[in-house]
Amino acid sequence: MKKISRRAFLSVMAAAGAAAALTACGGGSGSSTAASGGASVGGSQPGGHKLTAYAWDKNFNIPALNAAAADYKENVDPEFELEVIEQSGGGDIENAITLAGSAHDYSNLPDIVQFQDHYIQRYVADYPDAFVPVEGADIDWDGFSKEKLSYSIVDGVHYGVPVDNSTVIFAYRTDLLAEVGKTVDDMTGIKWSDLTDIGEQVYAKTGKYLFSTSADGGDLVYMMMQSEGVAEFKDGEPWITENETLHRVCETIVDMGKRKACYLANSWSDYIDQSIQGDMVAGVLNGNWIIPTMEAVTENSGKWEITTIPTLDGGEGYASNGGCGLYITANCGNVDLAKSFLAYTFGGSTQTYDNALRDGGVVTTVLKCADSDVYNEGVEFFNSEPIYKQIVEMGSHVPVIEQSDYHFRAGVYLITAIINTVNGSKLDDELANAEQQLRFEMGL
């Protein structure tokens with residue numbers, strides 16, 4: 001990759017980092033501390049009992065880290081302490097790694113950083129000295145969802161430990177489906193074209209869209225593509241104009257938009273605040289981190305159920321959207337402690353994940369942890385169904401597809417192409433333009 005292209009990309013991401021983090025891990029809100037954005041923190045001391053960590057989202061990821069710290073302190077090391085330095089979003093951490101890596105000076109980094117799944121492989125490639133592999137940690141890697149684990153493996157080496165489970169759910173209002181004579185079972189394993197027909201009926205009967213997507217990113221395109229086992233990239237380059245599956249996906253979204261089956265929200269706020277919490281939709285499709293957003297509409301409690309997503313030709317589809325992992329930095333003075341902490345907690349502790357779910361809504365991707373009583377409890381909001389057990393099982397079926405550091409940028413270009421097509425442009429022309437713009441940005 002050309003160096004100038006990399007700088008251009010990082011400047012874009014510095015501006016958009018906080019917004020991207022919203023999608024990546026279910027929210028990036030919260031204020032940075034004085035240590036945010038690369039200011040001096042420092043790693044641990046050899047032989048000590050304390051670790052430091054950068055993380056964002058006081059309502060999601062940070063409660064999960066605190067649950068892990070309490071678990072490790074109670075069951076492994078009574079003197080253990082984890083200092084979590086809150087960041088405003090994933091962009092803060094990316095910038096901190098970039099600054100440290102560019103200067104070849106990692107002395108300001110904490111012991112551990114939370115990092116977005118879609119970016120970590122590029123940062124390990126660009127700054128390999130910034131991270132310490134977690135090989136040798138006492139972790140049963142086979143116990144994780146393979147798709148989730150794939151992000152943190154670079155050239156066959158484990159560099160991080162997954163935190164959350166971003167398996168996609170399609171949640172439906174059972175009362176609104178009933179108005180057109182449908183149940184959640186009817187929506188399971190169907191074709192997207194059939195869903196569009198049902199969505200059109202739901203809108204005509206209730207005035208609500210079947211579901212929505214944010215038009216300032218390409219989440220819907222990616223989720224639909226992954227459920228087909230196909231990527232938007234091939235051998236490191238954009239795969240758009242010659243990608244038949246992508247063309248069909250885009251045609252389908254255009255059709256859903258025109259027929260009011262899907263509401264194309266014009267911003268993240270419009271998507272969250274208006275379409276979901278404003279009660280404009282009969283369904284919600286996204287990574288399961290969207291659940292707290294749904295639960296804010298308390299009057300709809302008990303009316304929702306979840307299932308898998310449709311596919312182009314029928315059959316249950318599985319996808320994942322967003323997510324993050326934890327990585328040990330080169331400034332860690334007590335690597336053995338960091339590995340032990342990550343291995344014991346996020347490597348498979350039921351106590352860590354039970355409390356992370358209770359306190360922050362963080363769902364495990366470790367399959368055995370879904371056997372706990374907490375994961376098998378019925379959730380009142382979702383018709384008292386044990387949805388978290390269901391989500392973990394669904395996550396085990398998500399296909400692994402090619403990833404790219406330009407994942408989010410591809411989504412922006414593709415959703416723009418779709419919106420322009422809904423407004424009258426030709427899809428082939430729009431996709432050709434999207435591919436050209438993306439290739440230029442990647443320096444190809």
Side-chain angles (χ1 to χ4, degrees), residues 1 3 6-7 9-10 13-14 17 21 32-56 61 65 68-69 72 77 80-87 89-139 141 149 151-163 324-347 405:
M1 183 177 292
K3 192 64 177 178
R6 178 67 181 157
R7 288 200 299 268
F9 171 69
L10 286 173
M13 294 320 303
S32 301
T33 68
S36 177
S40 180
V41 173
S44 60
Q45 298 300 314
H49 300 268
K50 179 179 178 179
L51 296 172
T52 56
Y54 278 171
W56 72 90
N61 301 301
L65 279 166
Y72 195 79
D77 180 0
F80 179 74
E81 180 184 355
L82 178 68
E83 180 185 0
V84 180
I85 300 94
E86 183 182 350
Q87 310 293 290
D92 284 351
I93 300 173
E94 291 150 21
N95 289 341
I97 295 294
T98 299
L99 289 171
S102 299
H104 301 288
D105 179 2
Y106 303 109
S107 60
N108 288 335
L109 294 177
D111 297 297
I112 295 170
V113 291
Q114 175 194 343
F115 218 93
Q116 297 186 68
D117 286 342
H118 286 291
Y119 291 145
I120 187 60
Q121 296 209 2
R122 173 50 56 190
Y123 276 79
V124 170
D126 282 359
Y127 308 111
D129 295 337
F131 302 95
V132 177
V134 292
E135 294 291 347
D138 185 17
I139 297 176
W141 299 112
L149 192 61
Y151 294 99
S152 57
I153 301 174
V154 182
D155 295 330
V157 177
H158 291 278
Y159 274 86
V161 180
V163 172
C324 59
L326 294 170
Y327 297 82
I328 301 172
T329 76
N331 196 39
C332 181
N334 197 337
V335 172
D336 288 342
L337 176 62
K339 286 184 179 181
S340 176
F341 167 67
L342 294 178
Y344 181 82
T345 56
F346 294 106
D405 201 30

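Rounded to the nearest 0.5 angstrom, D92 CG and E86 CD are separated by 10.0 Å. Between atom OG of residue S152 and atom CD1 of residue I120 there is a gap of 8.5 Å, rounded to the nearest 0.5 Å. How far CG of L51 is from OH of Y72: 8.0 Å, rounded to the nearest 0.5 Å. Here the OG1-CG distance, from T345 to L82, works out to 9.0 Å after rounding to the nearest 0.5 Å.
Here the side chain of Q114 pairs a donor or acceptor atom with the backbone of W56 at under 3.5 angstrom. The main-chain N or O of Y151 is found under 3.5 Å from a side-chain atom of Q121 such that the two form a donor-acceptor pair. Of the possible donor and acceptor atoms, one in the side chain of Q87 sits under 3.5 Å from a partner among the backbone N and O of I85. Looking only at distances, no side-chain donor or acceptor of S102 sits under 3.5 Å from a matching main-chain atom of L99.
Taking the six-membered ring where tryptophan is involved, the planes of H158 and W141 are essentially parallel, since the angle between them stays under 30° and well short of 60°.
What you find for G91 and Q116 is that their closest heavy atoms are N-NE2, 4.3 Å. Between P133 and V157, the closest heavy-atom pair is CB-CG1, 3.7 Å. Pairing each heavy atom of A96 with each of L109, the nearest pair is O-CD2, 3.9 Å. Here the shortest heavy-atom pairing between A55 and L65 reads CB-CD1, 3.4 Å. Looking at every heavy atom in both residues, P128 comes nearest to A125 through CD-O, 3.6 Å. In plain terms, the two heavy atoms of A68 and F346 that are nearest each other are CB-CE1, 3.5 Å.
Side chains of Y119 and D405 form a contact here, defined as non-hydrogen atoms less than 4.5 Å apart. Using a 4.5 Å cut-off on side-chain heavy atoms (C-beta onward), N334 and D111 make no contact. Residues I112 and F341 are in side-chain contact: their nearest non-hydrogen atoms beyond the backbone lie under 4.5 Å apart. You'll find the side chain of I328 reaches within 4.5 Å of the side chain of L342, heavy atoms only. Annotation: side chain of Y106 is not in contact with side chain of T329 (no heavy-atom distance under 4.5 Å). You'll find the side chain of D138 stays beyond 4.5 Å of the side chain of Y344, heavy atoms only. Using a 4.5 Å heavy-atom threshold, the side chains of F115 and I97 count as touching. Side-chain contact check for V132 versus C332: every heavy-atom pair is 4.5 Å or farther apart.
Of the N and O atoms on the side chains of N331 and S107, not one donor lies less than 3.5 Å from an acceptor on the other residue.
Taking a 6.0 Å sphere around CG of D105, one finds it holds more than 12 heavy atoms contributed by other residues, nucleotides or ligands.
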